[in-house]
Enquirer: 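I'd like to ask you about the structure that follows.
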Amino acid sequence: MTPLDPVTAARRQAVSVSVATGLYGVSFGALSVAAGLDVPQTMALSLLMFSGGSQFAFIGVVGAGGAAGAAVASAALLGARNGLYGAQLAPLLALPSRRRLPAAHLTIDESTAVATAQPTRTAARVGFWWTGLGIYLLWNLFTLVGALAGDRLGDPRAYGLDAAAAAAFLALVWPRLAGRTAQVVAVAAVVVALATTPVLPAGVPVLLAALVAVVVGLVSTGPPPAAPAPGGAA
């Protein structure tokens, strides 16, 4: 079988991740309405915030009777990781200035993962845009479906859509776990996430799991080499 060229492979990865993640918008739409938001408010969150973890954190606080300030703070905390993604993607994609604002809005977990998994800059750009735009369109479409259907869906978590999104993400990441360091980081991150999920708000375990990679990176690189003495003396 002839291997796919990188751009075609990036498109296929983007489509599969977009469908799996976009379908999960049904769950957000239904849960948002159940938490007390109306359909326009629910759609505003998906259209303008467009960060699943932040959106679920927001409606989780609102649904529990929390203050608006607490809901905004929780969503902002989880959304901060997208800024870190931007720092990673900027040199990789090297986009012209006119495209940076829409790219910033589409910088999420999935678009970052697909882009960084590609072997060339062209494929990375294709993977980023196809994933970001694909999820944006499908997430908002299915958010609307979930919000309009409301209670008629029952408990949307029972459909396992969150598992479908996670499976697509795992399929994308799995080929990159060939090295021993990557495997150690993955296992440690899973342990941290599983241990903290029962006791911390939604989304925070993901941030803590991401810190595992940061710690491993700092430990594995070690201290920087000492500067040479003046005059070239050893």
Side-chain angles (χ1 to χ4, degrees), residues 17-35 37 41-64 66 68-89 103-116 128 131-143 146-147 155-157 159-170 172-173 186 189-190 192-214:
V17 172
S18 297
V19 171
T21 306
L23 286 169
Y24 194 33
V26 169
S27 182
F28 172 73
L31 292 174
S32 178
V33 171
L37 277 67
Q41 290 170 333
T42 297
M43 291 308 302
L45 285 176
S46 281
L47 288 165
L48 302 177
M49 185 180 291
F50 186 52
S51 180
S54 297
Q55 291 177 228
F56 278 107
F58 184 92
I59 64 170
V61 174
V62 171
V72 171
S74 298
L77 174 64
L78 297 181
R81 71 188 188 280
N82 294 343
L84 301 178
Y85 296 156
Q88 180 183 14
L89 288 174
H105 194 54
L106 299 177
T107 299
I108 55 176
D109 298 338
E110 293 80 6
S111 60
T112 300
V114 173
T116 56
F128 173 82
T131 305
L133 290 171
I135 292 178
Y136 187 77
L137 293 174
L138 292 175
W139 179 264
N140 281 283
L141 171 63
F142 284 104
T143 292
D155 185 354
R157 291 168 292 193
Y159 297 117
L161 296 175
D162 52 342
F169 202 84
L170 179 61
L172 177 67
V173 173
V190 168
V192 169
L194 291 176
T196 56
T197 294
V199 295
L200 293 178
V204 175
V206 176
L207 294 176
L208 294 178
L211 288 177
V212 171
V214 176

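Residue numbers count from 1 along this sequence.
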Enquirer: Side chains of Ser51 and Arg81: closer than 4.5 Å at any heavy-atom pair?
Expert: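 A side-chain contact under 4.5 Å exists here.
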Enquirer: Would you indicate whether the side-chain heavy atoms of Tyr24 and Phe142 approach each other to under 4.5 Å?
Expert: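 They are not in contact (no side-chain heavy atoms under 4.5 Å apart), so the answer is no.
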Enquirer: For Ser18, which residues count as a side-chain hydrogen bond (donor to acceptor under 3.5 Å, both in side chains) partner, sequence neighbours excluded?
Expert: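 For Ser18 there are no side-chain hydrogen bond (donor to acceptor under 3.5 Å, both in side chains) partners, ignoring immediate neighbours.
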Enquirer: I'd like to check the side-chain hydrogen bond (donor to acceptor under 3.5 Å, both in side chains) partners of Ser46; sequence neighbours left out, ordered by chain and number.
Expert: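 Expected list: Gln55, Trp139, Thr143.
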Enquirer: Quick check for you: to the nearest 0.5 Å, what is the distance between Asn82 atom CG and Asp109 atom CG?
Expert: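 One finds 6.5 Å between CG of Asn82 and CG of Asp109.
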Enquirer: Got a donor-acceptor contact below 3.5 angstrom from the Ser54 side chain to the Ala75 backbone?
Expert: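 Flag set: sc Ser54 to bb Ala75 pair under 3.5 Å.
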Enquirer: Check whether any side-chain heavy atom of Leu37 lies under 4.5 Å from a side-chain heavy atom of Leu45, and answer yes or no.
Expert: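 Sidechains of Leu45 and Leu37: in contact.
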Enquirer: Kindly say whether Ile108 contributes a backbone atom to a donor-acceptor pair with the side chain of Thr112 at under 3.5 angstrom?
Expert: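 At least one qualifying donor-acceptor pair exists.
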Enquirer: State which residues pass side chain to side chain contact (heavy atoms under 4.5 Å, CB included) with Ala35; sequence neighbours excluded, sorted by chain then number.
Expert: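 Scan of Ala35 (side chain to side chain contact (heavy atoms under 4.5 Å, CB included), adjacent residues dropped) gives Ile59.
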Enquirer: Within the structure provided, determine whether Thr21 and Leu138 are in side-chain contact (heavy-atom separation under 4.5 Å).
Expert: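 A side-chain contact under 4.5 Å is absent here.
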Enquirer: Once rounded to the nearest 0.5 Å, what's the spacing between atom CD of Glu110 and atom OG1 of Thr131?
Expert: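 Going from the CD atom of Glu110 to the OG1 atom of Thr131 covers 8.5 Å.
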Enquirer: Do you know the tightest heavy-atom contact between Phe128 and Ala103?
Expert: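 Residues Phe128 and Ala103, closest heavy atoms: CZ-O, 3.3 Å.
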Enquirer: Where do Leu106 and Gly132 come nearest, in terms of heavy atoms and distance?
Expert: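 So the two residues come closest at CD2-O, 3.6 Å.
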Enquirer: Which heavy-atom pair separates Thr196 from Val192 by the least distance, and what is that distance?
Expert: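 Between these two residues, the closest heavy atoms are OG1-O, 2.8 Å.
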Enquirer: Taking atom CG of Leu84 and atom OG1 of Thr107, what is their separation to the nearest 0.5 Å?
Expert: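 So the CG of Leu84 and the OG1 of Thr107 are separated by 11.5 Å.
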Enquirer: Should Thr42 and Phe28 count as side-chain neighbours, where that means a heavy-atom distance under 4.5 Å?
Expert: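 The answer is yes, as the side chains (C-beta and beyond) meet within the 4.5 Å cut-off.
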Enquirer: Minimum heavy-atom separation for Ala115 to Leu89, with atom names?
Expert: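 Reported closest heavy-atom pair: CB-CD2, 3.9 Å.
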Enquirer: Any sub-3.5 Å donor-acceptor pair from His105's side-chain atoms to Met49's backbone N or O?
Expert: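 Looks like no, no N/O pair under 3.5 Å.
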